Every structure is written in structure tokens, then in C-alpha cells.
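Treat the numbers as computed from the prediction; the structure is a model and nothing was measured. Indexing begins at 1, ligand by ligand and atom by atom, following the structure's order.
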Amino acid sequence: MTRPPGTGELAARFQSAFGVAPDGVWQAPGRVNLIGEHTDYNEGFVLPFAIDKAARVAVRIRPDSTLRLLSTFGNQGMTTADAAALDRGTARGWTKYPLGVLWALQQRGLPVPGLDILLASDVPRGAGLSSSHAIECAVITALNELTAAGLGVDEMVLATRQAENDFVGAPTGIMDQTASLRGAAGQAVFLDCRDRSFRLVPFDAESAGLVTLVIDTKVSHSHSAGGYAARRASCELGSEVLGVKALRDVELEDLAEAAGLLDDKTFRRVRHVVTENNRVLQILELLGSAGPAAIGPVLDASHASMRDDFEISCAELDLAVRAARSAGALGARMTGGGFGGSAIALTPVAAQRQVRAAVEQAFGAAGFAPPDIFTVRPAAGALRLA
Ligand code: GLA
């Protein structure tokens with residue numbers, strides 16, 4: 001995807017679409033998750049970072065309750081709605097994300113005025129890089145400021161989760177919006193999803209002679225579809241049978257006993273979550289002691305666990321990981337909710353070209369559509385641009 005229009009260009013497009021200047025322009029990034037997959041809704045640990053691809057939104061408050069929404073992507077044209085009558089059932093396409101945020105604000109008793117909204121984004125959609133949360137976080141950051149709602153970041157995290165869960169209909173957790181709102185240049189966000197406490201952790205791949213490659217398989221996924229919810233349900237069943245509040249409370253040493261109490265499938269789902277939580281802590285430790293070059297084997301183990309135990313990978317993701325690893329990546333794993341989307345491959349700069357070529361070649365040989373391969377680095381979280 002091309003860069004979204006710069007601030008001036010977005011404001012100019014807004015002016016020509018709506019006939020007035022916007023009140024301001026905000027931006028919020030997508031994310032990759034370094035490690036900690038499907039652990040957030042199990043009250044576990046995650047370690048994502050905000051990336052240098054973002055959604056941008058130009059907004060103006062209107063004197064009436066009309067909402068007019070336009071984007072530079074999608075082919076929907078202008079959508080009109082009424083802030084006084086937001087309806088979960090009728091929102092279509094990308095408009096679900098901004099409208100879901102406005103609805104979630106209303107659920108909190110906050111007044112939502114009429115608005116003109118123009119959105120742009122270079123976070124690829126359906127690629128597992130959190131394009132929807134980038135939009136939601138840009139919109140909520142804008143609204144929080146424009147309406148002086150006074151929400152703290154933690155409340156914005158919960159409001160966007162409510163938008164996703166109850167308006168969009170995707171039963172997702174809190175990782176993506178936390179990364180988008182709390183991210184910082186050069187840092188990953190270590191988040192304890194039980195109490196939402198967090199800590200920024202330096203992740204400087206470049207200084208270690210590495211790049212983080214994203215391999216977008218172009219296999220599109222949706223977390224409103226059944227697979228994500230089914231994994232969540234398995235985790236809930238597992239914690240119920242094991243008598244814990246959440247799978248966060250199951251330790252590695254408990255797994256042997258859990259195997260005897262759970263059916264095989266539920267046990268493997270549980271084992272993924274328990275071992276993945278452990279891998280987040282391992283990477284945290286390794287980043288502090290040895291640096292990014294040491295984390296490769298843990299990334300590989302995470303991918304194997306998602307492929308074999310949690311069963312959320314697909315042929316394209318497995319091939320991307322395999323090809324990247326055999327061409328010199330230090331470690332690779334699918335990132336995000338799964339069932340398509342992207343893999344990340346931590347790659348020495350010197351091997352970057354051969355890794356890209358090997359993945360492209362392997363996709364061609366397998367008859368898969370060409371992947372999109374690009375580098376990402378930890379970038380700033382949501383902010384006002386103008
Ligand atoms: C999606 C969800 C997140 C998280 C990941 C899996 O990105 O939005 O809340 O559950 O999947 O780790």
C-alpha cells in the first residue's frame with residue numbers, strides 16, 4: 001500500500017469533500033506482535049510493537065447530529081449516519097470501525113456530536129497487522145481530544161475493545177489497541193493483560209544488524225469469522241475444567257496433570273497458551289540480556305505451537321516461515337490472530353535479499369499468489385498531526 005496522504009494533503013482532500021477545513025488530523029499505527037499470540041484474552045502476556053504504517057483521520061465537529069464518513073480506500077463513497085441513532089446491524093465495511101468507536105463512547109455516557117470524517121491508511125487490510133484497530137485508535141484519540149472527553153489510555157483501550165466485540169462483532173482482546181495507543185519509537189510494549197500494566201522494552205533490531213521482515217501472505221482473514229471465537233471457547237473450556245480464573249493461572253508444571261483432565265484438542269489449545277506465555281517472558285529476558293539476535297529460536301517455537309497445538313496457521317504462513325528460515329532468517333512466526341495474514345522473520349541485514357527471494361520463489365513454486373514483503377520498525381503510538 002502506498003503511504004497515506006500527508007497531513008496537508010489529507011486536510012486539502014477533506015476541504016474539497018466537505019467544503020470546510022478539518023478541526024484536526026490524527027494518526028494511529030498498526031502493529032506486529034513479536035510474541036504472545038492468543039494470550040491476551042487469557043489474561044496473559046504479550047509483546048507487540050506499533051509499526052511505521054498508520055491510519056490517519058481528519059475530523060470536524062458539525063453543528064447537527066449528522067455523521068459523514070469518507071475514506072481514501074474502499075469503494076464505498078460517502079456514508080451518512082445519525083449520531084443519535086447508531087445501529088450495529090446496518091454499518092457496512094470499514095465504517096464499522098469509526099462508527100463502533102462512536103457507539104462505544106455513547107455506551108460510556110459520553111455525548112457524540114455530528115462529525116465529518118475522512119480516513120486514510122497504509123496499514124494493509126486483512127493482513128494481521130491490525131488495520132481495524134489503527135482506524136479505531138485514530139478515531140478515539142481524535143474524539144477524546146475534540147470533545148474533551150477526558151478518557152485515559154486505559155479507558156480508550158476498553159472502549160475500542162467494546163467497539164470490536166459488540167459493534168463490529170469480533171471477540172478480540174486488548175493487545176492491538178494497546179500497542180497502537182501506547183507504542184513508542186524503538187520500543188516494544190510488554191503488557192500484562194490481567195491488570196493492563198505495561199512497560200516499554202527497547203527493541204532495536206537495526207543496531208543488532210537485523211531487520212524485522214513482514215511477509216503478508218495475502219490470505220485474508222476475519223476475526224468475526226468462527227475460528228477465532230472457537231479458539232477462545234476452547235480456552236474458556238480449558239480454564240473451567242482446570243478450575244482457574246484464566247489460563248494465565250496454569251503453569252508449565254501443571255501441563256502433565258492437565259493432559260489427564262482435558263480432551264486432546266482442548267489440551268493442545270491450553271498447552272499453546274501456557275507455553276506461549278512462557279515464551280513471552282523468555283523473550284523479555286533475552287532482549288534484556290543478549291539482545292534481539294538471541295530470540296530467533298523462541299520465535300520458531302511459537303510458530304510451531306500455533307501450527308500444531310493452536311492450529312491457527314495455514315499453508316502459506318507455514319511456507320513463508322520455512323522459506324525465510326532456510327534462507328537465513330534467525331527466527332520466524334506468524335503474527336496476529338492467524339488463519340491468514342502475515343508472518344514476521346527476524347533477518348540479518350546481509351541475508352535480507354536472499355530471504356525475500358527465497359520466500360517469493362517458494363510461493364511461486366507452490367502456486368500461491370505473490371506475497372508482499374516489507375520491513376517494519378517500532379514506531380510512535382497514536383498522536384495528533386495537525
Ligand atoms: C487479534 C486480536 C488480539 C489478539 C490476537 C492474537 O489480533 O485482535 O486481541 O487476540 O489476535 O494474539
Kindly work out whether a path of hydrophobic side-chain contacts (I/L/V/M/F/W/Y, heavy atoms less than 4.5 Å apart) joins Leu115 to Leu10.
no
Looking at Glu164 and Arg161, is any side-chain nitrogen of the basic one under 4.0 Å from a carboxylate oxygen of the acidic one?
no
Please work out whether any backbone atom (N, CA, C, O) or any side-chain heavy atom from C-beta onward of Met306 is under 4.0 Å from ligand 1, and answer side chain, backbone, both or neither.
neither
How far is atom 10 (O) of ligand 1 from its nearest protein heavy atom, and which residue and atom is that?
Tyr228 OH, 2.5 Å
Has Arg231 got any heavy atom lying under 4.0 angstrom from an atom of ligand 1?
no
Tell me if the centroids of the rings in Phe190 and Phe45 come within less than 6.0 Å of each other.
yes
Indicate yes or no: does Asp192 engage Arg248 in a salt bridge with an N to O separation below 4.0 Å.
yes
Mind checking the CG-CG spacing from Leu110 to Leu102? Nearest 0.5 Å is all I need.
11.0 Å
Is any N or O atom of His38, backbone or side chain, closer than 3.5 Å to an N or O atom of ligand 1?
yes
Shortest non-hydrogen contact between Thr347 and Ala329, atoms and distance:
OG1-CB, 3.8 Å
Please report which non-hydrogen protein atom sits nearest to atom 8 (O) of ligand 1, along with the residue it belongs to and the distance in Å to one decimal place.
Asp176 OD2, 2.6 Å
Give the residue, atom name and distance (to 0.1 Å) of the protein heavy atom nearest atom 9 (O) of ligand 1.
Asp40 OD2, 2.5 Å
Check: Asp308/His272 side-chain N/O donor and acceptor closer than 3.5 Å
no
Check this for me - ligand 1, Arg31, N or O atoms closer than 3.5 angstrom, yes or no?
yes
protein heavy-atom neighbour closest to atom 5 (C) of ligand 1 works out as Met175 CE, 3.7 Å
Output yes when the distance from some N or O of ligand 1 to some N or O of Gly173 is under 3.5 Å, and no in every other case.
yes
